[in-house]
Amino acid sequence: MGKVNNVTEFVFWGLSQILEVEEVCFMVFYFFYTVILLGNLLIMLTVYMGNLLKSPMYFFLNSLSFVDICYSSVTAPKMIVDLLAKSKTISYEGCMLQLFGVHFFGYTEIFILTVMAYDRYVAICKPLHYMTSMDQKRCNKILLGTWLGGFLHSMIQVALVVQLPFCGPNEIDQYFCDVHPVLKLACTDTYFVSVVVTANSGTIALGSFVILLISYTVILVSLRKQSTDGRHKALSTCGSHIAVVIIFFGPCTFMYMRPDTTFSGDKMVAVFYTIITPMLNPLIYTMRNAEVKNVIKPDLWWRSG
């Protein structure tokens, strides 16, 4: 017998049910989303105008900024509109698309951050092999791999959810569709699906986090052999990467390395990796990277034009 699915739409509880709080949140997150768009577009424009795409580090930074815009746009516009809406609903199809988008762009970002750590490792620890190890052709293939990895991951997540029956409850205690809140609404035993979801999401998040920690530890240890100027430049670049990694992977690991359970603080944790991190990335990379700050100067823009 086929699955029973009487649910045509889901209802979000949102960030709050208090009107005054929602109005404040609307202004705050409208500002945050504007900063995300402008900040990441500025990074992309800076990389292009400064002719930095030939550098692997800026090639991947440009991709990271693009993914940040896409990632936040999957959840932020809907969440901002819902803050002033009486009915916070999303269709079943829209929910599945949003779930796909969150995991597609979110895990593509994880893979890009991992690649950026590898790029810094080769640049600092094996500088003589850097130009051959990270040439443009190889960088293109690596970037394609990050997108394919994110696509494969998200397809698995969605495939696990769409085959479940939804026959009654349709209220999601969240401001967007994610796997764990949606699984709670299925009218069947979701233990096996939950285990696979956790293994799929959690293993990638934790595994990438461990690889990143090892990479940056090796880099920091190797910096003792560098000159003072080289050490300062490397620390400036790696410092921004490490800050982004901690801010992004901390909440992600908390959300996806646990079984099918939800907590009251999940919404705030989700805000951190879906809104705050994409907003902070351009600020961190700009403030911590002297080369990016120099290229942003208007006179260099005109000179490159």
Side-chain angles (χ1 to χ4, degrees), residues 40 43-68 70 105 107-153 203-246 248-249 281-282 284-286 288-296 300-301 303-304:
N40 284 288
I43 291 289
M44 294 172 66
L45 193 58
T46 298
V47 171
Y48 175 76
M49 295 296 290
N51 297 318
L52 298 174
L53 279 174
K54 293 180 180 179
S55 167
M57 183 176 74
Y58 294 107
F59 175 77
F60 291 118
L61 176 59
N62 182 70
S63 301
L64 180 67
S65 293
F66 177 72
V67 170
D68 273 337
C70 297
F105 293 115
Y107 278 77
T108 298
E109 175 155 346
I110 285 176
F111 294 136
I112 289 177
L113 288 171
T114 306
V115 169
M116 291 175 75
Y118 174 73
D119 170 71
R120 289 300 84 204
Y121 165 75
V122 177
I124 295 170
C125 299
K126 299 182 178 180
L128 298 179
H129 302 281
Y130 185 60
M131 297 309 297
T132 54
S133 298
M134 299 298 290
D135 59 37
Q136 191 63 49
K137 187 176 181 180
R138 182 165 296 181
C139 286
N140 289 332
K141 290 181 179 179
I142 292 174
L143 183 61
L144 177 62
T146 63
W147 285 91
L148 289 176
F151 179 79
L152 179 61
H153 162 77
T203 302
I204 294 174
L206 184 62
S208 299
F209 189 38
V210 171
I211 291 172
L212 287 162
L213 289 178
I214 294 173
S215 299
Y216 286 119
T217 300
V218 172
I219 290 171
L220 292 174
V221 170
S222 69
L223 287 179
R224 293 182 300 178
K225 303 174 185 178
Q226 300 274 349
S227 64
T228 303
D229 290 340
R231 190 184 305 124
H232 177 74
K233 185 176 180 180
L235 282 173
S236 178
T237 303
C238 291
S240 59
H241 291 200
I242 293 170
V244 169
V245 165
I246 293 173
F248 184 72
F249 276 88
N281 279 355
I284 292 172
Y285 281 110
T286 301
R288 295 286 301 173
N289 195 306
E291 192 169 358
V292 172
K293 286 191 286 187
N294 288 335
V295 176
I296 288 177
L300 292 183
W301 279 37
R303 196 180 308 162
S304 63

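The model shown is predicted, which means the values in this text are computed figures rather than measured ones.
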*Asks:* Within a radius of less than 6.0 Å around OH of Tyr216, do more than 12 heavy atoms belonging to other residues, nucleotides or ligands occur?
*Replies:* yes
*Asks:* Can you tell if the side chain of Phe59 reaches within under 4.5 Å of the side chain of Leu143, non-hydrogen atoms only?
*Replies:* yes
*Asks:* Search all heavy atoms of Phe249 against all heavy atoms of Ser208 and return the closest pair with its distance.
*Replies:* CE2-CB, 3.8 Å
*Asks:* Has Asp119 got a side-chain atom pairing as donor or acceptor with Val115's backbone, closer than 3.5 angstrom?
*Replies:* no
*Asks:* For Ile142 and Phe60: C-alpha separation, side-chain torsions, deciding distance, then whether side chain to side chain contact (heavy atoms under 4.5 Å, CB included) applies.
*Replies:* CA-CA 10 Å; Ile142 292 174; Phe60 291 118; 4.1 Å; yes
*Asks:* May I have the step-by-step check of side chain to side chain contact (heavy atoms under 4.5 Å, CB included) for Asn62 and Ile43, ending in yes or no?
*Replies:* CA-CA 7 Å; Asn62 182 70; Ile43 291 289; 5.9 Å; no
*Asks:* Measure across Thr114 and Leu212 and return the closest heavy-atom pair with its distance rounded to 0.1 Å.
*Replies:* CA-CD2, 3.6 Å
*Asks:* Mind listing the closest non-hydrogen atom pair of Leu53 and Val47 along with its distance?
*Replies:* CD2-CG1, 3.7 Å
*Asks:* Which atoms form the tightest heavy-atom contact between Gly150 and Phe111, and what is the distance?
*Replies:* N-CE1, 3.5 Å
*Asks:* Working to the nearest 0.5 angstrom, can you tell me the gap between Thr108 OG1 and Phe66 CZ?
*Replies:* 10.5 Å
*Asks:* In Å, rounded to the nearest 0.5 Å, how long is the span from NZ of Lys54 to CG of Asp135?
*Replies:* 13.5 Å
*Asks:* Asn40 and Ser65: which non-hydrogen atoms are nearest, and at how many Å?
*Replies:* OD1-CA, 3.4 Å
*Asks:* Less than 4.5 Å apart, side chain to side chain, heavy atoms only: is that true for Ser222 and Ile124?
*Replies:* yes
*Asks:* Any side-chain heavy-atom pair from Tyr118 and Val122 closer than 4.5 angstrom?
*Replies:* yes
*Asks:* For the pair Val210 and Ile214, evaluate side chain to side chain contact (heavy atoms under 4.5 Å, CB included) and give the outcome as yes or no after the intermediate values.
*Replies:* CA-CA 6 Å; Val210 171; Ile214 294 173; 3.8 Å; yes
*Asks:* In terms of ring plane angle, is the pair Trp147 and Phe105 parallel, tilted or perpendicular, where the classes change at 30° and 60°?
*Replies:* perpendicular
*Asks:* Looking at CG of Leu220 and OG of Ser215, how far apart are the two atoms once the value is rounded to the nearest 0.5 Å?
*Replies:* 11.0 Å
*Asks:* Can you find a heavy atom in the side chain of His129 that is under 4.5 Å from one in the side chain of Thr132?
*Replies:* yes
*Asks:* Rounded to the nearest 0.5 Å, how far apart are CG of Asn140 and CZ of Arg138?
*Replies:* 12.0 Å
*Asks:* If you count heavy atoms of other groups shown closer than 6.0 angstrom to OH of Tyr130, is the number above 12?
*Replies:* yes
*Asks:* Can you tell me how far the CG atom of Leu64 sits from the CD1 atom of Ile112, to the nearest 0.5 Å?
*Replies:* 6.0 Å
*Asks:* Kindly compute the distance separating NZ (Lys141) from CD (Gln136), expressed to the nearest 0.5 Å.
*Replies:* 12.5 Å
*Asks:* Which heavy atom in Glu109 sits nearest to a heavy atom in Asn281, and how many Å separate them?
*Replies:* OE2-ND2, 3.5 Å
